[in-house]
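The structure appears below as structure tokens.
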Amino acid sequence: MTNREIAAALDEVADLLEFQAANPFRVRAYRNGARRVGDASQSLLAVVEESGPAALTEIDGVGKDLAEKIAELATTGSLAMLDELREQVPPGVLKLMRVPGLGPKKAAAIHKELGVATLDQLKAACEAEKVRGLKGFGKKTEETILAGIAHAEKAGERTRWADADAVVGRLLQHMDGCPAIRRREPAGSYRRGKETVGDLDLLVDVGPETGPREMDPGAVAQAMDRFGDFEGVAEVIARGDTKMSVRMDGGLQIDLRCVPTESFGAALQYFTGSKEHNVEMRGRARVKGLKVSEWGVFKGESDERVAGETEEEVYAALGLPLFPPELREHRREFEWAEEGELPRLIELGDLRGDLHMHTSATDGKATLREMVAAARERGLEYIAITDHSKRVTMASGLDAARLREQWKEVDRVNEELAVEGAEFRVLKGIECDILESGGMDLDDDVLAEADWVIASLHYGQNQPRAKIMERLLFAVEHPSVSIIAHPTGRLIGRRPPYEVAVDELIAAAAEHGKLLELNANPMRLDLDDIHCAAAKEAGVPIVISSDAHSPAGLDVLRYGVLQARRAGLTREDVANCRGGASWEALGASS
DNA sequence: GCCGTTTTCGGCCCGACTGTTTTCAGTCG
């Protein structure tokens with residue numbers, strides 16, 4: 001089993017245990033285990049085969065029991081304990097817990113008392129007004145459940161970061177029209193730069209406290225009223241003294257949190273998360289005799305606040321550095337902090353070139369010269385023109401003759417740039433397909449003439465792992481190939497990765513001195529953060545590329561940078577942060 | 001189920017909001 005499948009199985013165990021009202025800390029242990037398995041960069045099956053199940057206890061949060069269960073899943077593809085749990089809980093019942101407002105207790109009660117086991121039955125039971133008769137339920141709860149069923153059906157749907165970013169931009173502009181708000185900051189997984197976000201959190205500072213944990217009610221009301229007026233708000237889900245939640249027309253939930261100035265940093269830290277990062281924070285605070293909440297850092301059980309206005313002072317109170325939000329996933333950040341090795345993360349301005357883009361010669365919308373102009377406007381120092389090869393017929397991919405014509409044009413452009421005295425260089429590139437049957441789409445003599453050869457796979461994506469790997473490894477070993485583009489082929493929320501053993505690909509790239517792409521298209525972000533971190537570990541440079549098909553397409557680089565930051569990459573880890581306009585200087589070897 | 005400068009048992013983060021509750025349970029993040 002792959003790590004992803006193992007993680008899904010452990011999550012299902014946690015769901016089922018939760019439904020059975022098991023010890024919540026036991027549930028948490030399985031959830032934590034699932035997360036750690038999902039974060040692991042090397043194949044756990046390989047670990048078990050090489051070193052045995054005991055080696056898995058090296059993973060934080062995995063003890064003897066979980067190690068054995070992970071090993072069982074990895075090697076046999078199933079888990080006896082999970083099979084037993086599934087027999088005890090009717091299929092479909094877990095879906096009940098996905099309904100907003102229905103947790104394990106209420107879902108279990110509905111199932112036990114009314115025999116409801118599907119969303120359809122739940123809907124019928126609510127409509128027949130049977131649910132309101134149960135102990136602890138009422139008319140209001142029944143209505144909430146009914147409203148929530150529609151959302152449950154598309155539960156798990158998340159918004160891509162770039163789409164969330166567009167909403168955030170509009171929201172901030174809207175909220176800035178409210179004079180009661182002194183500062184505002186989006187928090188949550190959006191601030192951490194996750195590739196998808198579940199809902200949005202916005203924090204607003206409504207001024208100094210008027211008493212312990214009290215704010216000026218007038219300022220809060222103004223902020224909340226303004227929030228409710230945001231264009232696209234479909235319904236107000238909740239509105240309390242400090243928190244208000246709305247659902248947008250498209251289903252996206254946004255939470256507004258009002259906080260006093262004294263607590264703004266603590267609240268920002270808290271609502272940025274991740275949850276696991278915060279659990280670690282609070283655990284560390286206890287050891288120091290402190291208590292951390294969204295209101296601040298407090299001495300013992302007292303009301304004496306020792307930090308809260310800024311994130312820096314909150315972290316400092318616990319002897320920790322200000323972690324960049326992208327690192328707050330409880331992966332390696334605390335370890336790095338203790339060793340004083342917190343990386344200086346890459347920034348957008350560190351990128352000096354873009355090595356993957358298309359022109360109107362194939363499926364791009366702009367000419368070579370227009371792309372050059374667009375790249376120069378954005379302050380880049382070099383680009384590679386990398387149109388598709390002939391196999392990509394839909395994009396009218398280039399054969400050898402057309403490609404050599406394009407390269408002559410590149411030579412002309414470079415000469416003109418030199419005459420102009422411009423510090424800009426265009427590399428002769430190609431995005432060459434790796435054929436379904438194996439091998440490259442263009443002859444070796446053509447590829448040998450290129451400055452920069454991207455190898456990528458667009459056809460035969462459903463082939464079995466062995467075949468996919470054979471194709472990819474052939475490309476990695478090919479002397480003219482510089483880099484593998486979008487190595488897993490995934491499209492976020494739409495298409496799973498093809499069958500790639502990414503750890504093997506990384507090892508091969510390391511062995512042959514090749515690079516791997518982080519495709520910055522917000523649909524792709526491929527490699528992902530976990531695998532970029534693994535590449536770094538293996539000494540394989542990453543190239544962040546736009547894969548632009550138009551001038552505006554160059555602007556996606558920032559999404560790639562965000563993902564790279566989540567992987568802990570510095571400018572040293574990213575080859576196109578280096579200067580020099582020849583690809584040897586980028587760190588590849590032929 | 002995990003874990004250990006409270007060290008092999010007894011803890012495990014903390015608070016807001018809602019609804020159905022006369023004092024709190026369930027859910028959420």
Side-chain angles (χ1 to χ4, degrees), chain A residues 10 13-14 17-19 21-36 56-70 81 96-110 131-145 147-148 151 155 187-190 192 197-201 203 213 215 220 224 236-245 253-259 263 266-267 269-298 301 318 330:
Chain A
L10 294 179
V13 170
L17 288 174
E18 197 168 36
F19 185 78
N23 177 348
F25 297 105
R26 189 177 170 217
V27 175
R28 189 212 272 181
Y30 277 96
R31 292 227 187 278
N32 192 39
R35 189 176 60 84
R36 292 291 183 177
L56 296 171
T57 58
E58 292 295 308
I59 302 171
D60 227 6
V62 175
K64 188 164 166 289
D65 274 40
L66 272 176
E68 281 169 10
K69 292 190 166 85
I70 292 167
M81 174 220 194
L96 301 183
M97 286 201 303
R98 306 261 149 74
V99 177
L102 276 192
K105 295 275 165 41
K106 283 201 160 79
I110 289 173
V131 171
R132 66 179 64 179
L134 300 179
K135 186 171 165 30
F137 291 76
K139 182 162 177 285
K140 199 79 191 226
T141 309
E142 193 174 77
E143 286 166 3
T144 308
I145 292 171
H151 295 290
S189 53
Y190 168 81
R192 301 201 309 280
V197 305
D199 53 25
L200 288 175
D201 301 274
L203 250 64
R213 300 189 180 188
M215 289 166 272
V220 171
M224 288 186 175
V236 175
I237 302 168
R239 177 167 172 163
D241 294 338
T242 67
K243 178 195 164 183
M244 174 167 164
S245 298
Q253 184 177 328
I254 311 180
D255 297 338
L256 177 77
R257 319 261 177 181
C258 298
V259 299
S263 299
Q269 192 286 319
Y270 177 68
F271 289 112
T272 296
S274 67
K275 186 174 176 173
E276 292 78 12
H277 178 91
N278 287 350
V279 168
E280 176 71 25
M281 286 282 289
R282 292 175 180 211
R284 285 174 180 250
R286 307 183 117 255
V287 174
K288 289 181 178 288
L290 299 170
K291 192 178 68 167
V292 180
S293 77
E294 57 264 52
W295 295 97
V297 182
F298 298 88
E301 293 302 308
L318 301 187
H330 201 343

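Quick caveat: nothing in here was measured; it's all calculated off a predicted structure. Each chain gets a letter, A, B and so on, in the order the sequences are listed, and its residues count up from 1. The analysis underlying the following values was restricted to heavy atoms, covering all of them including side chains, and did not include hydrogens, waters or symmetry mates.
- Regarding contacts with the backbone of B/dT20, a side-chain N or O of A/Thr141 is found under 4.0 angstrom from either OP1 or OP2.
- Remark: A/Leu256 CG to A/Ser245 OG distance equals 8.5 Å, nearest 0.5 Å.
- Across all strands, A/Arg213 comes closer than 4.0 Å only to sugar-phosphate atoms, never to a base (heavy-atom distances).
- For the pair A/Leu10 CG and B/dC2 C1', the interatomic distance rounds to 14 Å; values are reported in whole Å.
- The phosphate of B/dC14 has neither OP1 nor OP2 within less than 4.0 Å of any side-chain N or O from A/Trp295.
- If you take OG1 on A/Thr141 and CG on A/Leu134, they are separated by 10.0 Å, rounding to the nearest 0.5 Å.
- What separates CE of A/Met215 from P of B/dA16 is a distance of 9 Å, to the nearest Å.
- When rounded to the nearest whole Å, the span between CZ of A/Arg26 and C1' of B/dG11 equals 17 Å.
- Each of A/Val62 and A/Lys243 lies near DNA chain B, and the nucleotide nearest A/Val62 is the one positioned closer to the 5' end.
- With hydrogens and angles left out, the side chain of A/Asp255 and the base of B/dG29 share no donor-acceptor pair within 3.5 Å.
- Across all strands, A/Lys275 comes closer than 4.0 Å to base atoms (heavy-atom distances).
- When the P atom is used for both B/dC14 and B/dT22, the distance is 29 Å, rounded to whole Å.
- Taking only side-chain nitrogens and oxygens, A/Ser245 never comes nearer than 4.0 Å to OP1 or OP2 of B/dC17.
- Rounded to a whole angstrom, the distance from the C1' atom of B/dT8 to that of B/dG19 is 43 Å.
- Across all strands shown, A/Lys135 has no heavy atoms under 4.0 Å from either base or sugar-phosphate atoms.
- Taking 4.0 angstrom as the limit, A/Arg284 places none of its side-chain polar atoms (N or O) nearer than this to OP1 or OP2 of B/dC13.
- Between B/dG1, B/dT20, B/dG29, one nucleotide has an atom nearer to the side chain of A/Asp65 than all others, and that is B/dG1.
- A/Val27 comes within 4.0 angstrom of nothing in the nucleic acid, heavy atoms only.
- Using a 4.0 Å heavy-atom cutoff across all strands shown, A/Pro104 reaches sugar-phosphate atoms only and no base atom.
- Side-chain contact between A/Lys139 and A/Glu142 is absent, with no heavy atoms from C-beta onward closer than 4.5 Å.
- If you check distances only, the side chain of A/Tyr270 never reaches the base of B/dG15 with a donor-acceptor pair under 3.5 Å.
- Among the protein residues, A/Lys69 comes within range of the sugar-phosphate backbone only, with heavy atoms under 4.0 Å from sugar or phosphate atoms but none that close to a base.
- In summary, A/Glu294 and A/Arg257 do not engage in a salt bridge, as defined by a charged side-chain N under 4.0 Å from a carboxylate O.
- The CG-C1' distance, from A/Asn278 to B/dC14, rounds to 10 Å in whole Å.
- Dashed line: the shortest gap from a side-chain N or O of A/Arg286 to OP1 or OP2 of B/dT6 is not under 4.0 Å.
- To the nearest angstrom, C1' of B/dC12 lies 15 Å from CD of A/Glu276.
- Taking atom CD1 of A/Ile237 as the reference point, atom P of B/dG19 lies 12 Å away to the nearest angstrom.
- Taking atom CD1 of A/Ile110 as the reference point, atom P of B/dT27 lies 9 Å away to the nearest angstrom.
- With DNA chain B read from its 5' end, the first of the two nearest nucleotides for A/Phe137 and A/Asp241 is the one closest to A/Asp241.
- Heavy atoms of A/Arg28 sit under 4.0 angstrom from at least one base atom.
- In this structure, A/Lys105 places its NZ atom 10 Å from P of B/dA25, rounding to the nearest Å.
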